[in-house]
Visitor: 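Structure in structure tokens, see below.
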Amino acid sequence: MAAAARAGALCYRIGPFQLTLRSRLAQPARLVHRLYGDCEVLEPSGQINDFHLQLRRPRTLRRWLRPQVEFVAEGATPFSPLPVESAFPMLEWGLNWCVATTAHQFLMLHAAVVEKNGRAVLMPAFPGSGKSTLCAALVHNGWRLLSDEFGLVRPGSCEYVPFPRCIPLKNESIDLIRGFAPQAVMGPTFVKTRKGDVAHVKPPAESVRRADETARAAYVIFPRYRPGETARLLPIARSRAFMKLCTNSFNYEIMGAAGFTTVAGLIRASECRLCHFSDLDEVLRLFDTLA
Amino acid sequence: MRAPTGRFLWEHLDEESVVYDTRSGQTHLLNALAVEAMLRLQAGDFSLRALAGELATLCETPANDAFRADLVALLRQLSDLGLVERVDGEH
């Protein structure tokens, strides 16, 4: 896989998306191999891919002072170059950008989705919610990862479409998950990125293997990490949950009436709760009552 | 006042409702009183006095000046959101 990416083009599939990656850089190729090695690798020719991605060294004079990397998607460079050490995080952010700006065949909620016993839990992302930390803990304790970032739903459906990617952990969460889930495969820590220190948790192989299995909406849980607080579920009016989902979507407004009816279907199919937590063992026991 | 018909998608949830305006593309959260006002204004034109009378009965409260003032504030909010419209000649 790494050799393919460095030699020319690596084609692989993550959930519903097929992508081609071109890069002559060693670091991102190695990490793609290590962290996405369970994904289906496709023949480079004859594929109609959703995204054509490239990581390359920009040819500016700055490269003589400090090597940089830029992300290219469909020939465009949507971001400013970053230090070359940040190539892999840039690939991850870049793929997020590609999906969020183009995949309007789905309603895209900014949320993690996990599943157990056929019941999917949507966890919308709000700053400081602890969503990724909780998601990483859950998927290494019996829950299936559908996504840490995108709640993908086909219009009119109540089923979440898996998109099992790496879970990016930030700052204190990195060591927390290393200790809590030592079986988790993690990439290196990228220090002082624009989002702080970042490390990526590999999506569990079983979640990747089941990436074609959708999961039915059962819960919308709004996690909120609050230091020292006992894990508990609290009520939230479904109307309020509805509005929070609308405002936390990548493309609700673009979807128009289809976005409204899809969110309405999800809310009707789901129980909605707030979840305050601080201790991972406690909150995992709480989640097991949902499954 | 009146509220347009055929333009809104509704989702009634618990004691509140979410309404989607297909013309503006905006989604609004409405409390039960706002919903009752809108549904009446969709059914036909109402004067402020007549609407206040109906809603006061629903709220089991007198349709006095204070209630009418609250209703005016509510209708102004709904009007600002484009959910209700003045009928020609109304002030």
Side-chain angles (χ1 to χ4, degrees), chain A residues 100-101 104-111 122 124-126 151 153-159 217-222 233-274, chain B residues 1-43 46 51 54-61 67 70-85:
Chain A
T101 56
H104 302 307
Q105 67 270 40
F106 299 106
L107 173 69
M108 293 181 277
L109 302 167
H110 187 196
L122 180 82
F126 289 93
V153 190
R154 292 197 170 87
S157 165
C158 291
E159 302 269 335
Y219 289 94
V220 178
I221 303 285
F222 296 91
L233 295 171
L234 302 163
I236 178 174
R238 290 187 302 158
S239 51
R240 306 285 161 150
F242 192 119
M243 297 303 288
K244 284 165 83 76
L245 288 194
C246 294
T247 56
N248 210 38
S249 165
F250 292 105
N251 65 341
Y252 173 80
E253 291 186 359
I254 292 171
M255 299 286 287
F260 177 87
T261 54
T262 304
V263 172
L266 292 175
I267 292 290
R268 266 184 247 135
S270 304
E271 292 181 36
C272 302
R273 300 281 187 273
L274 306 172
Chain B
M1 304 289 291
R2 70 177 168 210
T5 55
R7 202 177 98 191
F8 303 115
L9 301 178
W10 292 89
E11 185 69 12
H12 301 291
L13 298 162
D14 310 318
E15 292 190 335
E16 296 177 312
S17 294
V18 184
V19 60
Y20 178 76
D21 184 343
T22 58
R23 193 169 77 181
S24 69
Q26 298 290 306
T27 304
H28 306 285
L29 176 63
L30 301 183
N31 64 31
L33 186 62
V35 172
E36 292 295 340
M38 272 198 70
L39 293 178
R40 278 163 178 73
L41 292 171
Q42 281 190 315
F46 271 80
L51 184 62
E54 285 219 6
L55 294 179
T57 303
L58 197 68
C59 298
E60 300 177 346
T61 190
F67 185 82
D70 288 343
L71 182 58
V72 166
L74 171 65
L75 293 173
R76 187 170 295 128
Q77 282 185 293
L78 295 176
S79 177
D80 288 345
L81 296 173
L83 299 177
V84 301
E85 301 166 343

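No hydrogens, no waters, no symmetry mates; every other heavy atom, side chains included, goes into these values. For clarity, every value in this text was computed on a predicted model and none was experimentally measured. In what follows, chains are A, B, ... by sequence order, proteins preceding strands, each numbered from 1.
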Visitor: Check step by step if side-chain contact (heavy atoms from CB on, under 4.5 Å) holds for A/R240 and B/L29.
Guide: CA-CA 8 Å; A/R240 306 285 161 150; B/L29 176 63; 3.5 Å; yes

Visitor: Report which part of A/T247 has an atom under 4.5 Å of a heavy atom belonging to chain B: side chain, backbone, both, or neither.
Guide: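 Interface part for A/T247: neither.
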
Visitor: Do B/E11 and A/R268 meet the salt-bridge criterion of a basic N to acidic O distance under 4.0 Å?
Guide: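 Result for this pair is yes, salt bridge flagged.
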
Visitor: Would you give the length of the straight line joining atom SG of A/C246 to atom CD of B/Q26, rounded to the nearest 0.5 angstrom?
Guide: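 One finds 10.5 Å between SG of A/C246 and CD of B/Q26.
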
Visitor: Between B/T27 and A/E253, is there a side-chain heavy-atom distance shorter than 4.5 Å?
Guide: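 A/E253 vs B/T27: side chains apart.
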
Visitor: Work out which heavy atom in A/S239 is nearest to a heavy atom in B/V18; give both atom names and the distance.
Guide: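 Answer, listing the atom of A/S239 first, then B/V18: O-CG2, 4.1 Å.
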
Visitor: Of all heavy-atom pairs between A/F260 and B/W10, which one has the smallest distance, and what is that distance?
Guide: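 Scanning both residues completely, I find the closest heavy atoms to be CZ-C, 4.0 Å.
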
Visitor: What are the two closest heavy atoms between A/R238 and B/D14, and how far apart are they?
Guide: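 Shortest heavy-atom contact: N-OD2, 3.2 Å.
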
